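In what follows, a structure is listed as structure tokens, so that the remarks can point back to it.
Atom set for the values below is all heavy atoms of this structure, side chains included, hydrogens, waters and symmetry mates excluded. This structure is a prediction, so every number in the text was calculated from the model and none was measured. Quick note on labels: first sequence line is chain A, next is B, and so on, each numbered from 1.
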Protein chains: 2
Amino acid sequence: MGDYHQVAAVQQDALGAVQLELGANPNALALRRPFDPLAHDLEASFRLTRFADLKGRGCKVPQEVLNKLVEGLQQDYQNAAEQEHAHFMHMAIPRIGIGLDCSVTPLRHGGLCLVQTTDFFYPLVDDPYMMGKIACANVLSDLYAMGVTECDNMLMLLGVSTKMTEKERDVVIPLIMRGFKDAALEAGTTVTGGQTVVNPWCTIGGVASTVCQPNEYIVPDNAVVGDVLVLTKPLGTQVAVNAHQWLDQPERWNRIKLVVSEEDVRKAYHRAMDSMARLNRVASRLMHKYNAHGATDVTGFGLLGHAQTLASHQKNEVSFVIHNLPVIAKMAAVAKACGNMFQLLQGHSAETSGGLLICLPREQAAAYCKDIEKQEGYQAWIIGIVEKGSRTARIIDKPRVIEVPAKD
Amino acid sequence: MGDYHQVAAVQQDALGAVQLELGANPNALALRRPFDPLAHDLEASFRLTRFADLKGRGCKVPQEVLNKLVEGLQQDYQNAAEQEHAHFMHMAIPRIGIGLDCSVTPLRHGGLCLVQTTDFFYPLVDDPYMMGKIACANVLSDLYAMGVTECDNMLMLLGVSTKMTEKERDVVIPLIMRGFKDAALEAGTTVTGGQTVVNPWCTIGGVASTVCQPNEYIVPDNAVVGDVLVLTKPLGTQVAVNAHQWLDQPERWNRIKLVVSEEDVRKAYHRAMDSMARLNRVASRLMHKYNAHGATDVTGFGLLGHAQTLASHQKNEVSFVIHNLPVIAKMAAVAKACGNMFQLLQGHSAETSGGLLICLPREQAAAYCKDIEKQEGYQAWIIGIVEKGSRTARIIDKPRVIEVPAKD
């Protein structure tokens, strides 16, 4: 019981500090003070991102490996799904599974579907509260990519690092949870459960679920020749969070300091955090208004990886050609200075909680971009076109890089 | 692309070996050969359980710590839930969340609820296929504890150990996936998605979801004085898997070899695997037939931990008193020989995919146990009673230990 009370006391302090950092308005990002380890009685050198050691790699198993690993599974599942359909479904609802952003499962009740997704990863920013928000936005993003704007509930998946001290744990974990929960509330949903385990690396993720009617989601297989591709967030989040970590590592920093200033990196880092914590919900709502033909969200496999997956699922014989790459300011230069490490301009740099990549009728795309900017104050970009082709995606030889400045 | 083909080739071999091990009937556990690393071109010393290092601890964050960590979350969530209810619900459906086995979320459609659970942990047996089955049974068990017998879909959560060689990964991961999927099929559901990441420890888990009408689940808060407590699987799984690992560790083995033979340990290990891979689905179905007043499943917090949680949620002023402890044969002796390490007889030894602990009307309990044995060939036990009390649970001073032999 001694332990119990000690935890309770620390918890109080931690919540006190949260209040401080949130200021008067917990949703106003601009008002929020950045996370200060000292304010929580942690060492000044405390860095949440040190509780995972990916050395710049993405946390995902490489796409081609994963495809092979799940291949057996997929076939069996399709057979089972067909059998089951024959058994209990009157109406044919397409069953979408492994390989796309969400699973869509027909239910036993009244033509409804369960649309569901899960995602988890490792700390990539040092602010635990922001990390929680980003993790939540990232999970929800898969629903939004399917045009599903209402989430019925979320579960939280947490791995508490075995390397954290009790003190660190009691400060950091409640902040992560609160960030996750706040983003869920912003999305109009609630966290109703979850699982917490100990793990060498700190992990954070969740499950988002919605039960909806077929008209509430957009099956992402309807692109036609002449559509254009819109992207709703800039690229370069992984480059920005890595560059920011290198501020503490002189040897790494020396590799990029000729192309970027410390101030540039801090700005890019905050732009990336802000972008990753932003929900794709408005982007998703507008997909319905402007008759989107399909979308995906850009995450661990990079812009091109996700574009290729989306292209491969199209009903029509189309291909995606990407001409423009909107990138957080200066991060294209940083990526170039790092040689092949990120492959940002090749479309392979992992993004976290990236934007939606949407196929829109050409005549609607400009209005879509204007509308989202009006509602949210964030730009979206037309980045490519849909041509006749064999369901692949590519980036042209010398794509135009659009430098996206930090918001003021 | 070279890499891609290599993976494909290895994959073929792995599936070949699966076929071999499954024999003619993939569901007949008895016919299955045990996992042999050599048959997969792995080192004879390959042990799946070495890809996590919990040193005998459970993988969960201690219950009292967790309670504090989620406390802030729970309150906010309750307020939000109430507000939301007032807004869109006509019918009052109890919303059950953090702290119980499943989350139950009222939906926007026709009085339906989303019942959902998630769980993940680390390898505790060395057979990857069985590990997959156990992980799946363990996730589903939370639904079954709520009397929900139909699962609409599952997601799989996988962490591929950074310490695995490519070869090990390509053998082990498809086997785990197949085990998981087979258990899902046995439960009448399918795996429709998931997430796979790299992680220092191998992790395996999932999400189980069902959309159902309120009469399909049993809110576990209805125990009355005079009920009895039934347990549907024996205790001692953690002791058995640890004792089995110690066969390779002379110094550990010496501590228990006076009370148990190698043969006893192997039998107990197989009994534990068999028990952990068994679904609680029949147990759940029979809860409806015999008017159960509530149940939970026994997992990471041990029999007493889960009994206490269940007791704390009761509407009536009741307490649970446990008299009998059914334990896998010889494992009580092993636990005693290990001093305070497991706390098996104190009710604190973690179980994985343990049995349901069910509150049943006294006059129905014997029939329940008889029926489950008839249908499945497995015993269930009356282990305690429900008394008047302050919503706590305890084990009597000298509980009777029931030695549960391995099935032949």
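When every heavy atom of L158(B) is checked against every heavy atom of F120(A), the shortest pair comes out as O-CZ, 4.2 Å. Heavy atoms only, all atoms of each residue included: S103(B) and L155(A) are closest at OG-CD2, 4.0 Å.
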Derivation of the side-chain contact (heavy atoms from CB on, under 4.5 Å) call for V197(A) and W201(B): CA-CA 12 Å; V197(A) 298; W201(B) 293 351; over 6 Å; no

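Under the 3.5 Å distance criterion, with hydrogens and angles disregarded, a donor-acceptor pair is assigned to the side chains of S209(B) and Q116(A). For the residue pair N199(A)/T203(B), the side-chain donor-acceptor check at 3.5 Å is not satisfied.
Looking at T117(B), only its backbone comes within 4.5 Å of chain A, counting heavy atoms on both sides. Proximity to chain A is limited to the side chain of V207(B), based on heavy atoms less than 4.5 angstrom apart.
Here OG1 of T192(B) is found 7.5 Å from CG of L114(A). Values are rounded to the nearest 0.5 Å. Summarising the geometry, atom CG belonging to L157(A) is positioned 6.0 Å from atom CG belonging to L157(B); distances are rounded to the nearest 0.5 Å.
Side-chain N or O atoms of R108(A) include none that pairs as donor or acceptor with a backbone N or O of D152(B) at under 3.5 Å.
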